[in-house]
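First comes the structure, then the notes that go with it.
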Amino acid sequence: MVAVTDSAIPIYFDVFGAIVLIWCGLPVPVLLYGLVGKDRTGRVGGRAWGPNVDPRWGWLFMELSALVVFPLVYLVAGQRHLVGDVLVGLWLAHYVHRTLVWPWFVQRQARPFPAFTAVSGFCFNLVNGVLLGWFMARLADYPVEWFWDPRFLAGAALFIAGAALNIASDYRLSSLRARASGGAILPRGGGFDYVSCPNLAGEIVEWIGFALMSWSLPGLAFALWTTANLIPRALWRHRWYQERFPDYPSNRRALFPGLL
């Protein structure tokens, strides 16, 4: 197994390592396509790919593999350890809410959900769950002292701050949309006073934090994929706000104040 405190992000010279390295590189073309393409979900100017499904069931199906696969692979592999238990617990804290709470309390207000997005999201989460679970159970060798390592502490701070921003912004946006009875809204308050998509910014920060805490290539890959998927979504939404609302604040960025 790999002692994560002895080196930088470990690279494994075997089949698993080759797969993870390829998986780390694939977000680059995905990001480039997103930057030049249109919204493939059909929500802000693009055209949805394929038929639509009920947003609650579409979201549940998409996130179900994320909720189940990583913890299941980790447990079935049979080599649990305290750091792995904590990381899996944090993962579950995110995805229990995202899979079992969010769709039923919020997504019922949403537009129909593209079936392609649900299926592709399910497959994406399946791959990440297998890679993270296998790494955590079979390759990672975290000493107890890892909990006091600056990488873990910095990652934990980012994870908690990102999750708080993500959830608070999501529910604020949902509340504003409910008051508008489905009409277009210009969100204000909280992180929306600074950027167009603080919910997406929070999710990016959250998974960068998780990558730091795990100090692993699978964790890095998940953070890269999250960033590659959410940056275009934030830019699409930002442009949509600018086009829909002539008085949209000119100093408001899409994701990060003063940067993007």
Side-chain angles (χ1 to χ4, degrees), residues 1-2 4 9-34 37 40-41 49-50 53 57-80 84 87-100 102-103 113-140 155 159 162 166 200 203-233:
M1 292 195 293
V2 177
V4 296
I9 295 177
I11 298 177
Y12 320 106
F13 296 96
D14 54 16
V15 174
F16 179 83
I19 291 172
V20 178
L21 286 172
I22 293 171
W23 193 240
C24 282
L26 288 178
V28 175
V30 170
L31 174 61
L32 294 176
Y33 173 82
R40 56 189 175 274
T41 67
W49 292 356
V53 296
W57 290 105
W59 192 276
L60 175 65
F61 179 78
M62 179 178 70
E63 302 287 31
L64 188 60
S65 56
L67 175 65
V68 172
V69 175
F70 175 20
L72 183 63
V73 172
Y74 173 70
L75 292 174
V76 169
Q79 295 187 21
R80 290 177 52 191
L87 292 172
V88 170
L90 291 172
W91 179 275
L92 284 172
H94 176 93
Y95 278 107
V96 165
H97 169 261
R98 209 64 175 159
T99 308
L100 304 179
W102 175 260
F113 198 84
F116 175 84
T117 301
V119 173
S120 61
F122 180 92
C123 296
F124 165 75
N125 288 323
L126 178 65
V127 173
N128 282 297
V130 170
L131 296 180
L132 282 163
W134 187 258
F135 167 83
M136 205 63 61
R138 307 294 293 186
L139 297 173
F159 185 90
N166 172 246
L200 304 186
E203 191 160 358
I204 290 172
V205 170
E206 182 179 0
W207 295 118
I208 290 174
F210 188 86
L212 278 173
M213 281 192 291
S214 69
W215 202 246
S216 67
L217 279 177
L220 174 64
F222 189 71
L224 291 174
W225 271 102
T226 299
T227 303
N229 278 308
L230 297 189
I231 284 179
R233 278 180 56 189

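As a basis for the values below, the full set of heavy atoms in this structure was taken, side chains included, without hydrogen atoms, waters or symmetry mates.
Contact record, A223 with A211: CB-CB, 4.1 Å, taken as the closest heavy-atom pair. Minimum interatomic distance between P29 and G25 (heavy atoms only, all atoms of both residues): CD-O, 3.5 Å. In terms of heavy atoms, P71 sits closest to A66 at CD-O, 4.2 Å. Between L200 and L230, the shortest heavy-atom contact is O-CD1, 3.8 Å. Contact detail for G133 and V73: the closest heavy-atom pair is C-CG1, 3.6 Å. A pairwise comparison of heavy atoms in G121 and S65 identifies O-OG, 4.4 Å as the closest pair.
Atoms CG and OG1, on N125 and T99 in that order, are 8.0 Å from each other to the nearest 0.5 Å. We find the CE-OG distance between M62 and S120 to be 8.0 Å, quoted to the nearest 0.5 Å. With rounding to the nearest 0.5 Å, the separation of CH2 in W225 from CG in L31 is 10.5 Å. Here the CD1 atom belonging to I231 is positioned 5.0 Å from the CD1 atom belonging to I204, to the nearest 0.5 angstrom.
Annotation: side chain of V119 is in contact with side chain of F61 (closest heavy-atom distance under 4.5 Å). Put simply, the side chain of Y74 does not reach to within 4.5 Å of the side chain of L132, judged on heavy atoms. The closest side-chain heavy-atom distance from L220 to L217 is below 4.5 Å. Residues F222 and W23 form no side-chain contact, since every pair of their non-hydrogen atoms from C-beta on lies 4.5 Å or further apart. Under the 4.5 Å side-chain criterion, counting only non-hydrogen atoms from C-beta, N128 is not in contact with P218. Using a 4.5 Å cut-off on side-chain heavy atoms (C-beta onward), L131 and F16 make contact. Between H97 and E63 there is no side-chain heavy-atom pair separated by less than 4.5 Å. Proximity of N229 to V30: side-chain heavy atoms (C-beta onward) are separated by under 4.5 Å at one or more points.
Applying the side-chain contact (heavy atoms from CB on, under 4.5 Å) test to L100 and every residue at least two apart in sequence or in another chain returns L60, L67, V96. Residues meeting the ring-ring contact (aromatic ring centres under 6.0 Å, His included) test with F210, sequence neighbours left out: W91, W207.
Residue P27 is tested with T227, L32, L224, T226 for a side-chain contact (heavy atoms from CB on, under 4.5 Å); the sole match is L224.
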Q) Going through the distances and angles, do V68 and Y95 end up as a side-chain contact (heavy atoms from CB on, under 4.5 Å)? A) CA-CA 9 Å; V68 172; Y95 278 107; over 6 Å; no
Q: Decide side-chain contact (heavy atoms from CB on, under 4.5 Å) for R98 and W59; before the verdict, give the C-alpha distance in whole Å, the side-chain angles of both, and the deciding distance to 0.1 Å.
A: CA-CA 9 Å; R98 209 64 175 159; W59 192 276; 3.6 Å; yes
Q: Report the C-alpha distance between L90 and M213 in whole Å, list the side-chain angles of each, state the deciding distance to 0.1 Å, and finish with yes or no for side-chain contact (heavy atoms from CB on, under 4.5 Å).
A: CA-CA 11 Å; L90 291 172; M213 281 192 291; 3.6 Å; yes
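Side chain of N166 to backbone of E206: no donor-acceptor contact under 3.5 angstrom is found.
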